[in-house]
Amino acid sequence: MLLADIDFLAPADEVARRLIGATLLIDGVGGVIVETEAYDQADPASHAWSGPTARNASLFGPPGHAYVYRSYGLHWCLNLVCRPAGHGAGVLIRALQPTQGLEAMAQRRGLADPRLLCSGPGRVGQALGVDKSLDGRPLGCPPFELLAAESPLDESAIAVGPRIGITRAVDQPWRFGLTGSRYLSRAFRAVA
DNA sequence: CTAGTGATCCGCT
DNA sequence: GCGGATCACTAGA
């Protein structure tokens, strides 16, 4: 299974859902995507909301590329750009289950607990060595590797909920996760 | 377990 | 000047 299995022209929330269970590697280091969030241009919580700027240019660039931004002045966060018909939209990678390059990740993070290596967008960035130099780079070639899940995930395997750490459009259910994973940045609230 | 806070930079209401 | 798509650490319940 290769990059071609993921259609980055689909709406961001669909791409975010489909990415759960896929494997993301940078220079051979990474793991299985267990948590994502979708951000669309028509979405007050998105960096694309106010239109293209120098910072978010990659969000308006070709789909299937990376958008990297600095969060709170210290963390690098990775988005995968998807773009339904002229929109600036992307999927934030919020958490991975580490499977490859555990030593490199532990070294970069300064700790070894696998559950703390990639359980949050800033942690993912640090563990995979993400920085501004990857902004705008295509996901289909080195240092990136993106492998679709071997078999499609069952509906019940995908948890859905409100996004984390935003103040606008808080009710939009555009956070997706692998149900029951121990590598999430936070647990999903159980369905009532 | 939850709540609060400092770190640290950049882009823009 | 203000406020983040965050994290780590502390204090207290």
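When reading the values below, keep in mind they use all heavy atoms of this one structure, side chains included, and skip hydrogens, waters and symmetry mates. None of these values were measured; they are calculated from a predicted model. Chain A is the first sequence line, chain B the second, and so forth, proteins listed ahead of strands; every chain is numbered from 1.
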| field | Contact under 4.0 Å: A:Arg109 side-chain N or O vs C:dA8 OP1/OP2 | value | yes
| For A:Glu37 and C:dA5, what is the distance between atoms CD and P respectively, to the nearest whole Å? | 11 Å
| Given C:dT6, is OP1 or OP2 found less than 4.0 Å from the side-chain N or O atoms of A:Arg94? | yes
| said: Using a 4.0 Å heavy-atom cut-off, does A:Leu74 contact any base of the nucleic acid, only the sugar-phosphate backbone, or nothing at all? | reply: base
| query | Are any non-hydrogen side-chain atoms of A:Glu37 and A:Ile164 less than 4.5 angstrom apart? | reply | yes
| Taking the side chain from A:Ser185 and the backbone from A:Gly120, do they hold a donor-acceptor pair closer than 3.5 Å? | no
| message | Side chain of A:Thr167, heavy atoms from C-beta onward: which of C:dG4, C:dA5, B:dC12 has the nearest atom to it? | response | C:dG4
| message | Whether A:Arg123 contacts C:dA8 is assessed here as follows: a side-chain N or O lying under 4.0 Å from the phosphate OP1 or OP2. Is that the case? | response | yes
| Which of these nucleotides, C:dA8, B:dC9, C:dT6, is closest to any side-chain atom of A:Cys77? | C:dT6
| remark: Against the side chain of A:Tyr69, the closest entry in B:dT8, B:dC9, C:dA5 is C:dA5
| task | Would you kindly say whether A:Ser46 and A:Asp40 are connected by a side-chain donor-acceptor distance under 3.5 Å? | result | no
| field | Whole-Å distance separating the CH2 atom of A:Trp76 from the C1' atom of B:dT8 | value | 12 Å
| In whole Å, what is the span from the CG atom of A:Leu59 to the P atom of B:dG11? | 14 Å
| request: Figure out the CZ/P separation between A:Arg163 and C:dG4, and round it to whole Å. | output: 14 Å
| task | Please confirm whether A:Tyr69 and A:His47 have ring centers closer than 6.0 angstrom. | result | yes
| remark: Comparing A:Gly165 with A:Gln126, nearest DNA chain C nucleotide closer to 5' gives the residue A:Gly165
| In whole Å, what is the span from the CG atom of A:Leu80 to the P atom of C:dA5? | 18 Å
| message | When you group the ILVMFWY residues by side-chain heavy-atom contacts below 4.5 Å and let the links chain together, are A:Leu24 and A:Met105 in the same group? | response | yes
| Are A:Glu103 and A:Arg108 close enough for a salt bridge, meaning some N to O gap below 4.0 Å? | no
| request: Provide, to the nearest angstrom, the distance between the CZ atom belonging to A:Arg186 and the P atom belonging to B:dC1. | output: 13 Å
| How many Å lie between CZ on A:Arg70 and C1' on B:dA7, as a whole number? | 12 Å
| request: Considering just the side-chain nitrogens and oxygens of A:His47, establish if one lies under 4.0 Å of OP1 or OP2 belonging to C:dA5. | output: yes
| query | Mind checking the P distance from B:dT13 to C:dA5? Whole angstroms is fine. | reply | 13 Å
| query | Using Watson-Crick pairs (N1 to N3, plus N6-O4 or O6-N4) and G-U wobble pairs, both distances under 3.5 Å, which stems of at least 3 pairs involve DNA chain C? | reply | B:1-7 with C:6-12, B:9-12 with C:1-4
| With distance as the sole criterion, do the side chain of A:Tyr72 and the base of C:dA5 form a donor-acceptor contact below 3.5 Å? | no
| said: Under 4.0 Å, heavy atoms only, any strand: does A:Gly73 hit a base, just the sugar-phosphate, or nothing? | reply: base
| query | Counting side-chain heavy atoms from C-beta on, which of C:dG4, B:dC12, C:dT6 comes nearest to A:Ser71? | reply | C:dT6
| Are A:Ser50 and B:dT13 close enough that a side-chain N or O sits under 4.0 Å from OP1 or OP2? | yes
| query | Rounded to whole angstroms, how far apart are CD1 on A:Ile164 and P on C:dC7? | reply | 9 Å
| task | Starting from the C-alpha separation in whole Å, work towards a yes-or-no answer on salt bridge (Lys or Arg N to Asp or Glu O under 4.0 Å) for A:Arg163 and A:Asp43. | result | CA-CA 12 Å; A:Arg163 293 172 292 181; A:Asp43 167 13; 2.7 Å; yes
| said: Please check: side-chain N/O of A:Gln172 versus main-chain N/O of A:Pro162, any donor-acceptor pairing under 3.5 Å? | reply: no
